Amino acid sequence: MTEPRPWREDAPESEAAKLVALAASVPAKAIDRASWDDVLARAARPRRDWRLVPAFALSVLAGVGLVLFFRPAPAVPPPAQSLAQAAPVLTPSPGARFTHASGEQVVLTDGRLAVAAAEGAAVHLTTPHVEIDARQARFLADVTAGGTVVSVEEGEVVVRTPSGERVVRAGESIAWPPAPDIPGALLRDEVEEAPSCVALSGPAKLECLAREGERDGLEAQAALYELGVLESKAGHRAAAERAFHASLARFPDGVLHPEVRLALLVEFVRARRFAEAKAVAADFERACVDDPRSADVASLRRALEALAP
Amino acid sequence: MTTAIARAGALTASEVRGLYVAHGAELRQALARLAPDVDAEDLLQELFVVALRKADVLARADSRRAWLYGVAVKLAATRRRTARLRRFFGLEEASEVSAVDAPSRTAEQRDAQRLVARALASVPEARREVFVLFELQGLPGEEIAIALGIPLKTVWTRLFHARKDVAAALERLAAIEARTSGLKREEVRP
(Lines give C-alpha, C1' and ligand atoms only; values in the text may rest on other atoms or scores of the structure.)
Protein backbone atom coordinates (compact mmCIF):
# COMPACT_ATOMS: atom_id res chain seq x y z
CA MET A 1 0.00 0.00 0.00
CA THR A 2 1.29 3.46 -0.86
CA GLU A 3 2.11 5.66 2.08
CA PRO A 4 -0.20 8.69 2.25
CA ARG A 5 1.55 11.98 1.68
CA PRO A 6 1.55 14.76 4.28
CA TRP A 7 -1.73 16.62 4.40
CA ARG A 8 -0.26 19.76 2.81
CA GLU A 9 0.67 17.77 -0.30
CA ASP A 10 -2.57 15.81 -0.36
CA ALA A 11 -4.79 18.87 -0.08
CA PRO A 12 -2.70 21.90 -1.10
CA GLU A 13 -5.74 24.19 -1.14
CA SER A 14 -6.83 23.32 2.41
CA GLU A 15 -6.25 26.14 4.89
CA ALA A 16 -6.18 23.64 7.75
CA ALA A 17 -3.45 21.65 6.01
CA LYS A 18 -1.42 24.81 5.43
CA LEU A 19 -1.71 25.73 9.09
CA VAL A 20 -0.63 22.27 10.20
CA ALA A 21 2.32 22.37 7.80
CA LEU A 22 3.33 25.72 9.24
CA ALA A 23 3.12 24.35 12.79
CA ALA A 24 5.12 21.28 11.76
CA SER A 25 7.84 23.41 10.20
CA VAL A 26 8.99 24.77 13.55
CA PRO A 27 12.43 23.27 14.25
CA ALA A 28 13.09 21.71 17.63
CA LYS A 29 15.35 23.48 20.10
CA ALA A 30 18.73 21.74 20.28
CA ILE A 31 19.25 19.40 23.19
CA ASP A 32 21.62 20.40 25.96
CA ARG A 33 24.12 17.54 26.10
CA ALA A 34 24.90 18.30 29.72
CA SER A 35 21.31 17.44 30.66
CA TRP A 36 22.21 13.78 30.16
CA ASP A 37 23.74 13.91 33.64
CA ASP A 38 20.27 14.71 35.01
CA VAL A 39 18.92 11.62 33.28
CA LEU A 40 21.63 9.47 34.80
CA ALA A 41 21.04 10.98 38.24
CA ARG A 42 17.34 10.33 37.93
CA ALA A 43 17.90 6.75 36.77
CA ALA A 44 20.04 6.14 39.84
CA ARG A 45 17.21 7.10 42.17
CA PRO A 46 15.05 4.30 43.68
CA ARG A 47 12.22 3.39 41.38
CA ARG A 48 9.36 3.35 43.88
CA ASP A 49 8.61 4.85 47.21
CA TRP A 50 7.67 1.58 48.93
CA ARG A 51 6.41 3.43 52.00
CA LEU A 52 3.32 4.25 50.02
CA VAL A 53 2.48 0.58 49.39
CA PRO A 54 0.51 -0.05 52.61
CA ALA A 55 -1.46 3.16 52.10
CA PHE A 56 -2.14 2.16 48.51
CA ALA A 57 -3.26 -1.33 49.54
CA LEU A 58 -5.60 0.11 52.15
CA SER A 59 -7.16 2.49 49.63
CA VAL A 60 -7.62 -0.34 47.13
CA LEU A 61 -9.35 -2.45 49.76
CA ALA A 62 -11.57 0.46 50.72
CA GLY A 63 -12.38 1.07 47.06
CA VAL A 64 -13.26 -2.57 46.44
CA GLY A 65 -15.46 -2.59 49.52
CA LEU A 66 -17.32 0.50 48.33
CA VAL A 67 -17.79 -0.92 44.84
CA LEU A 68 -19.16 -4.19 46.23
CA PHE A 69 -21.48 -2.32 48.57
CA PHE A 70 -22.91 -0.03 45.94
CA ARG A 71 -22.75 -2.51 43.09
CA PRO A 72 -25.68 -2.03 40.71
CA ALA A 73 -27.85 -4.91 39.58
CA PRO A 74 -26.11 -7.02 36.97
CA ALA A 75 -26.69 -5.65 33.54
CA VAL A 76 -28.81 -7.69 31.18
CA PRO A 77 -26.49 -9.05 28.48
CA PRO A 78 -27.32 -7.71 25.06
CA PRO A 79 -29.37 -10.05 22.93
CA ALA A 80 -27.43 -12.21 20.52
CA GLN A 81 -29.02 -10.42 17.59
CA SER A 82 -27.50 -7.08 18.50
CA LEU A 83 -24.05 -8.66 18.65
CA ALA A 84 -24.61 -10.13 15.24
CA GLN A 85 -25.45 -6.67 13.95
CA ALA A 86 -21.92 -5.53 14.75
CA ALA A 87 -20.59 -7.67 11.91
CA PRO A 88 -20.83 -6.34 8.37
CA VAL A 89 -23.68 -7.73 6.27
CA LEU A 90 -22.39 -9.15 2.97
CA THR A 91 -24.69 -9.87 0.05
CA PRO A 92 -22.85 -11.46 -2.88
CA SER A 93 -24.22 -11.58 -6.41
CA PRO A 94 -24.24 -14.99 -8.08
CA GLY A 95 -20.71 -16.01 -9.03
CA ALA A 96 -18.99 -13.59 -6.66
CA ARG A 97 -15.83 -14.98 -5.07
CA PHE A 98 -14.96 -13.64 -1.66
CA THR A 99 -13.73 -14.70 1.76
CA HIS A 100 -14.78 -13.39 5.13
CA ALA A 101 -12.57 -15.17 7.61
CA SER A 102 -13.53 -13.20 10.68
CA GLY A 103 -14.16 -9.73 12.04
CA GLU A 104 -13.95 -6.89 9.60
CA GLN A 105 -11.53 -8.39 7.05
CA VAL A 106 -13.16 -9.30 3.73
CA VAL A 107 -11.35 -10.24 0.51
CA LEU A 108 -13.24 -9.99 -2.79
CA THR A 109 -11.45 -11.51 -5.78
CA ASP A 110 -14.19 -11.52 -8.41
CA GLY A 111 -17.79 -10.47 -8.91
CA ARG A 112 -20.09 -8.12 -7.10
CA LEU A 113 -20.57 -7.81 -3.35
CA ALA A 114 -22.97 -5.52 -1.50
CA VAL A 115 -21.62 -4.55 1.91
CA ALA A 116 -23.55 -2.97 4.76
CA ALA A 117 -21.61 -1.92 7.84
CA ALA A 118 -24.22 -0.95 10.41
CA GLU A 119 -23.59 1.29 13.41
CA GLY A 120 -20.68 -0.05 15.38
CA ALA A 121 -19.56 -2.34 12.57
CA ALA A 122 -16.51 -1.71 10.44
CA VAL A 123 -15.31 -3.46 7.36
CA HIS A 124 -11.98 -3.61 5.57
CA LEU A 125 -12.50 -4.94 2.06
CA THR A 126 -9.53 -5.88 -0.09
CA THR A 127 -9.80 -6.42 -3.85
CA PRO A 128 -6.96 -7.09 -6.31
CA HIS A 129 -6.94 -3.37 -7.13
CA VAL A 130 -7.96 -1.32 -4.09
CA GLU A 131 -8.58 -1.44 -0.35
CA ILE A 132 -11.75 -0.08 1.17
CA ASP A 133 -12.42 0.97 4.75
CA ALA A 134 -15.99 1.62 5.79
CA ARG A 135 -17.89 2.28 8.97
CA GLN A 136 -21.60 2.91 9.13
CA ALA A 137 -21.91 2.76 5.35
CA ARG A 138 -23.51 0.75 2.58
CA PHE A 139 -21.64 0.22 -0.67
CA LEU A 140 -21.24 -2.05 -3.65
CA ALA A 141 -17.89 -3.39 -4.86
CA ASP A 142 -17.63 -4.89 -8.32
CA VAL A 143 -14.43 -6.68 -9.30
CA THR A 144 -13.76 -7.64 -12.91
CA ALA A 145 -10.64 -8.31 -14.92
CA GLY A 146 -10.72 -4.62 -15.85
CA GLY A 147 -10.60 -3.35 -12.27
CA THR A 148 -12.74 -2.53 -9.26
CA VAL A 149 -15.74 -0.21 -9.16
CA VAL A 150 -16.95 1.02 -5.76
CA SER A 151 -20.36 2.69 -5.55
CA VAL A 152 -21.47 4.13 -2.23
CA GLU A 153 -25.15 4.08 -1.35
CA GLU A 154 -25.05 5.36 2.24
CA GLY A 155 -22.40 7.02 4.39
CA GLU A 156 -18.85 7.30 3.11
CA VAL A 157 -15.95 4.95 2.55
CA VAL A 158 -12.21 5.42 2.20
CA VAL A 159 -10.81 3.86 -0.95
CA ARG A 160 -7.06 3.33 -1.12
CA THR A 161 -5.54 2.97 -4.56
CA PRO A 162 -1.88 2.70 -5.50
CA SER A 163 -1.91 6.45 -6.11
CA GLY A 164 -3.37 7.48 -2.77
CA GLU A 165 -6.63 7.45 -0.89
CA ARG A 166 -9.97 9.02 -1.62
CA VAL A 167 -13.18 9.44 0.33
CA VAL A 168 -16.20 8.33 -1.67
CA ARG A 169 -19.52 9.60 -0.38
CA ALA A 170 -23.11 8.45 -0.84
CA GLY A 171 -24.16 8.68 -4.48
CA GLU A 172 -20.56 8.69 -5.75
CA SER A 173 -18.54 5.91 -7.27
CA ILE A 174 -14.91 5.32 -8.14
CA ALA A 175 -13.34 2.95 -10.64
CA TRP A 176 -9.75 1.75 -10.39
CA PRO A 177 -7.69 1.59 -12.48
CA PRO A 178 -9.26 4.53 -14.32
CA ALA A 179 -10.28 3.90 -17.92
CA PRO A 180 -7.94 5.56 -20.42
CA ASP A 181 -9.08 8.78 -22.07
CA ILE A 182 -10.70 8.17 -25.42
CA PRO A 183 -9.27 10.56 -28.06
CA GLY A 184 -11.93 12.98 -29.30
CA ALA A 185 -11.38 11.92 -32.92
CA LEU A 186 -12.75 8.47 -32.09
CA LEU A 187 -16.03 9.78 -30.72
CA ARG A 188 -18.92 10.66 -32.99
CA ASP A 189 -21.80 12.71 -31.67
CA GLU A 190 -23.88 12.71 -34.84
CA VAL A 191 -24.82 9.63 -36.83
CA GLU A 192 -26.32 9.72 -40.28
CA GLU A 193 -29.80 8.29 -40.00
CA ALA A 194 -30.85 5.26 -42.01
CA PRO A 195 -33.21 6.80 -44.61
CA SER A 196 -36.00 4.22 -44.32
CA CYS A 197 -36.55 4.79 -40.56
CA VAL A 198 -35.90 8.52 -40.40
CA ALA A 199 -39.54 9.42 -39.74
CA LEU A 200 -39.84 7.15 -36.69
CA SER A 201 -38.71 7.49 -33.09
CA GLY A 202 -38.50 5.46 -29.88
CA PRO A 203 -39.12 1.71 -29.89
CA ALA A 204 -40.73 1.90 -33.33
CA LYS A 205 -37.49 3.28 -34.74
CA LEU A 206 -35.43 0.52 -33.12
CA GLU A 207 -37.76 -2.12 -34.56
CA CYS A 208 -37.53 -0.50 -37.98
CA LEU A 209 -33.72 -0.41 -37.82
CA ALA A 210 -33.54 -4.06 -36.74
CA ARG A 211 -35.79 -4.99 -39.65
CA GLU A 212 -33.78 -2.93 -42.11
CA GLY A 213 -30.57 -4.42 -40.75
CA GLU A 214 -31.66 -7.86 -41.91
CA ARG A 215 -31.69 -6.73 -45.52
CA ASP A 216 -28.64 -6.38 -47.75
CA GLY A 217 -26.66 -3.48 -49.04
CA LEU A 218 -25.79 -0.04 -47.83
CA GLU A 219 -29.12 0.59 -46.13
CA ALA A 220 -28.70 -2.49 -43.94
CA GLN A 221 -25.20 -1.33 -42.94
CA ALA A 222 -26.50 2.12 -42.03
CA ALA A 223 -29.41 0.61 -40.10
CA LEU A 224 -27.23 -1.75 -38.03
CA TYR A 225 -24.77 1.02 -37.23
CA GLU A 226 -27.49 3.45 -36.18
CA LEU A 227 -29.21 0.72 -34.18
CA GLY A 228 -25.98 0.04 -32.27
CA VAL A 229 -25.42 3.73 -31.57
CA LEU A 230 -29.00 4.28 -30.35
CA GLU A 231 -28.89 1.21 -28.10
CA SER A 232 -25.56 2.38 -26.68
CA LYS A 233 -26.97 5.85 -25.95
CA ALA A 234 -29.92 4.20 -24.19
CA GLY A 235 -27.48 2.25 -22.00
CA HIS A 236 -28.36 -1.11 -23.59
CA ARG A 237 -24.78 -2.32 -23.96
CA ALA A 238 -25.57 -5.92 -24.88
CA ALA A 239 -27.98 -4.87 -27.63
CA ALA A 240 -25.48 -2.32 -28.96
CA GLU A 241 -22.74 -4.94 -29.09
CA ARG A 242 -25.06 -7.37 -30.90
CA ALA A 243 -25.79 -4.79 -33.57
CA PHE A 244 -22.12 -3.88 -34.07
CA HIS A 245 -21.01 -7.53 -34.15
CA ALA A 246 -23.77 -8.38 -36.62
CA SER A 247 -22.62 -5.51 -38.83
CA LEU A 248 -18.98 -6.65 -38.77
CA ALA A 249 -19.91 -10.29 -39.34
CA ARG A 250 -22.03 -9.50 -42.38
CA PHE A 251 -20.15 -6.51 -43.80
CA PRO A 252 -16.51 -6.85 -42.64
CA ASP A 253 -15.34 -4.61 -45.46
CA GLY A 254 -18.48 -2.48 -45.79
CA VAL A 255 -18.33 1.27 -46.11
CA LEU A 256 -19.13 1.74 -42.46
CA HIS A 257 -16.81 -0.93 -41.03
CA PRO A 258 -14.28 1.61 -39.59
CA GLU A 259 -17.11 3.46 -37.83
CA VAL A 260 -18.54 0.22 -36.46
CA ARG A 261 -15.14 -0.91 -35.19
CA LEU A 262 -14.58 2.43 -33.47
CA ALA A 263 -18.05 2.38 -31.91
CA LEU A 264 -17.36 -1.12 -30.57
CA LEU A 265 -13.97 -0.03 -29.26
CA VAL A 266 -15.51 2.92 -27.40
CA GLU A 267 -18.24 0.65 -26.04
CA PHE A 268 -15.70 -1.81 -24.59
CA VAL A 269 -13.55 0.93 -23.05
CA ARG A 270 -16.59 2.49 -21.38
CA ALA A 271 -17.63 -0.94 -20.08
CA ARG A 272 -14.07 -1.37 -18.70
CA ARG A 273 -13.62 -4.53 -20.78
CA PHE A 274 -10.07 -3.59 -21.57
CA ALA A 275 -8.86 -6.90 -23.04
CA GLU A 276 -11.70 -6.93 -25.59
CA ALA A 277 -11.15 -3.24 -26.34
CA LYS A 278 -7.48 -3.94 -26.98
CA ALA A 279 -8.37 -6.70 -29.46
CA VAL A 280 -10.83 -4.43 -31.32
CA ALA A 281 -8.21 -1.67 -31.49
CA ALA A 282 -5.66 -4.09 -32.94
CA ASP A 283 -8.26 -5.26 -35.50
CA PHE A 284 -8.92 -1.65 -36.47
CA GLU A 285 -5.23 -1.02 -37.01
CA ARG A 286 -4.98 -4.08 -39.25
CA ALA A 287 -8.18 -3.45 -41.19
CA CYS A 288 -8.01 0.34 -41.52
CA VAL A 289 -4.34 1.03 -42.18
CA ASP A 290 -5.00 4.23 -44.11
CA ASP A 291 -7.63 5.61 -41.78
CA PRO A 292 -6.48 9.00 -40.37
CA ARG A 293 -7.62 7.90 -36.90
CA SER A 294 -5.19 4.95 -36.81
CA ALA A 295 -2.64 6.88 -34.75
CA ASP A 296 -5.28 7.71 -32.12
CA VAL A 297 -6.40 4.09 -32.02
CA ALA A 298 -2.79 2.93 -31.64
CA SER A 299 -2.24 5.32 -28.76
CA LEU A 300 -5.44 4.10 -27.06
CA ARG A 301 -4.35 0.48 -27.61
CA ARG A 302 -1.02 1.17 -25.92
CA ALA A 303 -2.85 2.67 -22.93
CA LEU A 304 -5.07 -0.43 -22.83
CA GLU A 305 -2.05 -2.74 -22.89
CA ALA A 306 -1.00 -1.34 -19.54
CA LEU A 307 -4.41 -2.22 -18.09
CA ALA A 308 -4.87 -5.62 -19.75
CA PRO A 309 -1.37 -6.95 -20.40
CA MET B 1 24.46 2.80 36.72
CA THR B 2 26.54 1.77 33.75
CA THR B 3 27.17 -1.64 35.27
CA ALA B 4 23.51 -1.99 36.18
CA ILE B 5 22.47 -1.84 32.54
CA ALA B 6 25.47 -3.63 31.05
CA ARG B 7 23.49 -6.84 30.63
CA ALA B 8 24.13 -9.25 27.79
CA GLY B 9 22.67 -7.88 24.54
CA ALA B 10 21.73 -4.57 26.18
CA LEU B 11 22.79 -1.13 25.00
CA THR B 12 25.44 0.58 27.09
CA ALA B 13 24.74 3.91 28.79
CA SER B 14 26.92 5.61 26.24
CA GLU B 15 24.88 4.11 23.39
CA VAL B 16 21.66 5.32 25.03
CA ARG B 17 23.29 8.71 25.39
CA GLY B 18 23.95 8.62 21.66
CA LEU B 19 20.22 8.16 21.10
CA TYR B 20 19.54 11.01 23.53
CA VAL B 21 21.77 13.35 21.57
CA ALA B 22 20.45 12.17 18.20
CA HIS B 23 16.72 12.13 18.92
CA GLY B 24 16.30 14.04 22.20
CA ALA B 25 15.30 17.33 20.59
CA GLU B 26 12.62 15.89 18.30
CA LEU B 27 11.30 13.60 21.06
CA ARG B 28 11.01 16.54 23.45
CA GLN B 29 9.09 18.49 20.82
CA ALA B 30 6.84 15.46 20.23
CA LEU B 31 6.21 15.14 23.97
CA ALA B 32 5.26 18.83 24.14
CA ARG B 33 2.84 18.31 21.25
CA LEU B 34 1.35 15.15 22.76
CA ALA B 35 1.02 16.57 26.28
CA PRO B 36 1.09 20.38 26.06
CA ASP B 37 0.23 20.88 29.73
CA VAL B 38 3.10 18.73 31.04
CA ASP B 39 6.76 19.75 31.19
CA ALA B 40 8.35 18.12 28.14
CA GLU B 41 11.90 18.34 29.57
CA ASP B 42 10.80 16.34 32.58
CA LEU B 43 9.05 13.80 30.36
CA LEU B 44 12.12 13.48 28.15
CA GLN B 45 14.26 12.63 31.16
CA GLU B 46 11.73 10.06 32.28
CA LEU B 47 11.68 8.59 28.78
CA PHE B 48 15.42 8.05 28.81
CA VAL B 49 15.33 6.65 32.33
CA VAL B 50 12.99 4.01 30.89
CA ALA B 51 15.41 3.56 27.98
CA LEU B 52 18.29 2.96 30.38
CA ARG B 53 16.30 0.51 32.45
CA LYS B 54 15.05 -1.38 29.41
CA ALA B 55 18.30 -1.16 27.45
CA ASP B 56 18.09 -4.86 26.55
CA VAL B 57 14.61 -4.45 25.02
CA LEU B 58 15.73 -1.30 23.23
CA ALA B 59 18.74 -3.15 21.81
CA ARG B 60 16.44 -5.74 20.23
CA ALA B 61 14.01 -3.18 18.76
CA ASP B 62 13.77 -3.13 14.95
CA SER B 63 13.68 0.65 15.02
CA ARG B 64 15.10 2.31 18.11
CA ARG B 65 13.59 5.66 17.21
CA ALA B 66 10.14 4.01 16.87
CA TRP B 67 10.62 2.29 20.23
CA LEU B 68 11.47 5.61 21.87
CA TYR B 69 8.45 7.25 20.27
CA GLY B 70 6.28 4.37 21.52
CA VAL B 71 7.42 4.96 25.10
CA ALA B 72 7.04 8.72 24.62
CA VAL B 73 3.41 8.33 23.53
CA LYS B 74 2.60 6.13 26.55
CA LEU B 75 4.37 8.43 28.98
CA ALA B 76 2.66 11.51 27.58
CA ALA B 77 -0.77 9.88 27.81
CA THR B 78 -0.21 8.69 31.36
CA ARG B 79 1.25 11.96 32.61
CA ARG B 80 -1.44 13.99 30.92
CA ARG B 81 -4.17 11.99 32.64
CA THR B 82 -2.40 12.08 36.00
CA ALA B 83 -1.78 15.82 35.80
CA ARG B 84 -5.41 16.46 34.93
CA LEU B 85 -6.57 14.32 37.84
CA ARG B 86 -4.19 15.99 40.27
CA ARG B 87 -5.31 19.43 39.19
CA PHE B 88 -8.94 18.38 39.51
CA PHE B 89 -8.35 17.43 43.15
CA GLY B 90 -6.35 20.61 43.72
CA LEU B 91 -3.15 18.69 44.38
CA GLU B 92 -1.09 20.39 41.71
CA GLU B 93 -1.04 23.70 39.96
CA ALA B 94 -0.45 23.81 36.23
CA SER B 95 3.30 23.38 35.88
CA GLU B 96 5.72 25.58 33.99
CA VAL B 97 6.65 24.09 30.66
CA SER B 98 10.14 24.24 29.12
CA ALA B 99 10.76 25.76 25.71
CA VAL B 100 11.04 23.02 23.13
CA ASP B 101 11.08 24.99 19.89
CA ALA B 102 14.02 26.70 18.24
CA PRO B 103 14.22 30.41 19.09
CA SER B 104 14.17 31.18 15.36
CA ARG B 105 10.45 30.40 15.12
CA THR B 106 8.39 33.19 13.59
CA ALA B 107 5.24 34.78 14.99
CA GLU B 108 3.25 33.13 12.22
CA GLN B 109 4.61 29.71 13.14
CA ARG B 110 3.83 30.37 16.80
CA ASP B 111 0.22 31.32 15.97
CA ALA B 112 -0.14 28.21 13.82
CA GLN B 113 1.20 26.05 16.64
CA ARG B 114 -1.20 27.64 19.10
CA LEU B 115 -4.20 27.04 16.85
CA VAL B 116 -3.21 23.49 15.95
CA ALA B 117 -2.61 22.66 19.62
CA ARG B 118 -6.08 23.98 20.50
CA ALA B 119 -7.63 22.00 17.67
CA LEU B 120 -5.78 18.83 18.68
CA ALA B 121 -7.12 19.15 22.22
CA SER B 122 -10.56 18.20 20.89
CA VAL B 123 -9.34 15.18 18.91
CA PRO B 124 -9.64 11.73 20.52
CA GLU B 125 -6.34 10.55 21.96
CA ALA B 126 -5.68 7.62 19.60
CA ARG B 127 -6.21 9.77 16.51
CA ARG B 128 -4.26 12.68 17.98
CA GLU B 129 -1.22 10.47 18.56
CA VAL B 130 -1.15 9.31 14.93
CA PHE B 131 -1.72 12.86 13.68
CA VAL B 132 1.10 14.31 15.78
CA LEU B 133 3.55 11.59 14.77
CA PHE B 134 2.74 11.72 11.05
CA GLU B 135 1.85 15.34 10.31
CA LEU B 136 3.91 17.21 12.89
CA GLN B 137 6.83 14.87 13.58
CA GLY B 138 7.04 13.52 10.02
CA LEU B 139 7.41 9.86 11.03
CA PRO B 140 6.72 7.31 8.26
CA GLY B 141 3.69 5.05 8.67
CA GLU B 142 5.71 1.92 9.42
CA GLU B 143 7.48 3.56 12.33
CA ILE B 144 4.20 4.87 13.72
CA ALA B 145 2.72 1.39 13.49
CA ILE B 146 5.71 -0.01 15.43
CA ALA B 147 5.62 2.82 17.96
CA LEU B 148 1.93 2.45 18.71
CA GLY B 149 1.82 -1.34 18.28
CA ILE B 150 -1.01 -1.18 15.75
CA PRO B 151 -1.40 -2.38 12.15
CA LEU B 152 -0.33 0.00 9.41
CA LYS B 153 -3.87 0.14 8.05
CA THR B 154 -5.11 1.32 11.42
CA VAL B 155 -2.53 4.11 11.28
CA TRP B 156 -3.98 5.35 7.99
CA THR B 157 -7.57 5.03 9.18
CA ARG B 158 -6.81 7.01 12.33
CA LEU B 159 -4.92 9.61 10.31
CA PHE B 160 -7.83 10.02 7.94
CA HIS B 161 -10.29 10.61 10.80
CA ALA B 162 -7.83 12.82 12.67
CA ARG B 163 -7.45 15.09 9.64
CA LYS B 164 -11.20 15.49 9.47
CA ASP B 165 -11.38 16.20 13.20
CA VAL B 166 -8.58 18.77 13.05
CA ALA B 167 -10.06 20.50 10.01
CA ALA B 168 -13.44 20.74 11.74
CA ALA B 169 -11.89 22.00 14.98
CA LEU B 170 -9.86 24.65 13.15
CA GLU B 171 -12.98 25.73 11.32
CA ARG B 172 -14.80 26.08 14.66
CA LEU B 173 -11.93 28.07 16.14
CA ALA B 174 -11.88 30.39 13.14
CA ALA B 175 -15.63 30.94 13.47
CA ILE B 176 -15.25 31.79 17.15
CA GLU B 177 -12.39 34.14 16.40
CA ALA B 178 -14.46 35.83 13.70
CA ARG B 179 -17.36 36.29 16.12
CA THR B 180 -15.21 37.73 18.88
CA SER B 181 -12.98 39.90 16.69
CA GLY B 182 -15.70 41.42 14.55
CA LEU B 183 -13.90 40.33 11.39
CA LYS B 184 -15.66 38.54 8.58
CA ARG B 185 -15.27 34.76 8.55
CA GLU B 186 -13.25 34.91 5.29
CA GLU B 187 -10.76 37.27 6.90
CA VAL B 188 -9.84 34.75 9.58
CA ARG B 189 -7.66 31.70 8.90
CA PRO B 190 -8.21 28.86 8.21
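Each chain gets a letter, A, B and so on, in the order the sequences are listed, and its residues count up from 1. Only a predicted model underlies this, so the values are computations on that prediction, with no experimental measurement involved.
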Checklist entry - Can you say whether A:Val158 sits under 4.5 Å from chain B via the side chain, the backbone, both, or neither, judging by heavy atoms? => result side chain

Next on the checklist: Under 4.5 Å from any heavy atom of chain B, what part of A:Asp133 do you find: side chain, backbone, both or neither?
Outcome noted: side chain

If you count the non-hydrogen atoms of other residues, nucleotides and ligands that lie under 6.0 Å from [atom1] in [X], is the total more than 12?
X        : atom1 : value
B:Arg118 : CZ    : no
A:Arg135 : CZ    : no
A:Asp37  : CG    : yes

Flag the pair [X] / [Y] as yes when at least one side-chain heavy-atom distance between them is below 4.5 Å, and no otherwise.
X        : Y        : result
A:Asp38  : B:Phe48  : no
B:Thr157 : A:Arg160 : yes
A:Val20  : B:Arg163 : no
B:Glu135 : A:Arg8   : no
B:Leu52  : A:Leu40  : yes
A:Val39  : B:Val16  : no

Taking every non-hydrogen atom, the tightest pair across [X] and [Y]:
X        : Y       : answer
B:Val116 : A:Ala23 : CG2-CB, 3.9 Å
A:Val26  : B:Gln29 : O-NE2, 3.0 Å
A:Ala28  : B:Ala25 : CB-O, 3.6 Å

Next on the checklist: Between B:Gln45 and A:Ser35, do the side chains contain a donor N or O and an acceptor N or O under 3.5 Å apart?
Outcome noted: no

If you round to the nearest 0.5 Å, how far is [atom2] of [Y] from [atom1] of [X]?
X        : Y        : atom1 : atom2 : value
A:Lys18  : B:Leu170 : NZ    : CG    : 13.0 Å
B:Glu26  : A:Ile31  : CD    : CD1   : 10.0 Å
B:Gln113 : A:Leu19  : CD    : CG    : 10.5 Å

Item to check | Under-4.0 Å salt bridge between A:Arg42 and B:Asp42 | outcome: yes

Checklist entry - Would you call the rings of A:Trp7 and B:Phe131 parallel, tilted or perpendicular if under 30° counts as parallel and over 60° as perpendicular? => result perpendicular

Item to check | Atom group of B:Val21 that falls short of 4.5 Å from chain A, counting heavy atoms | outcome: both

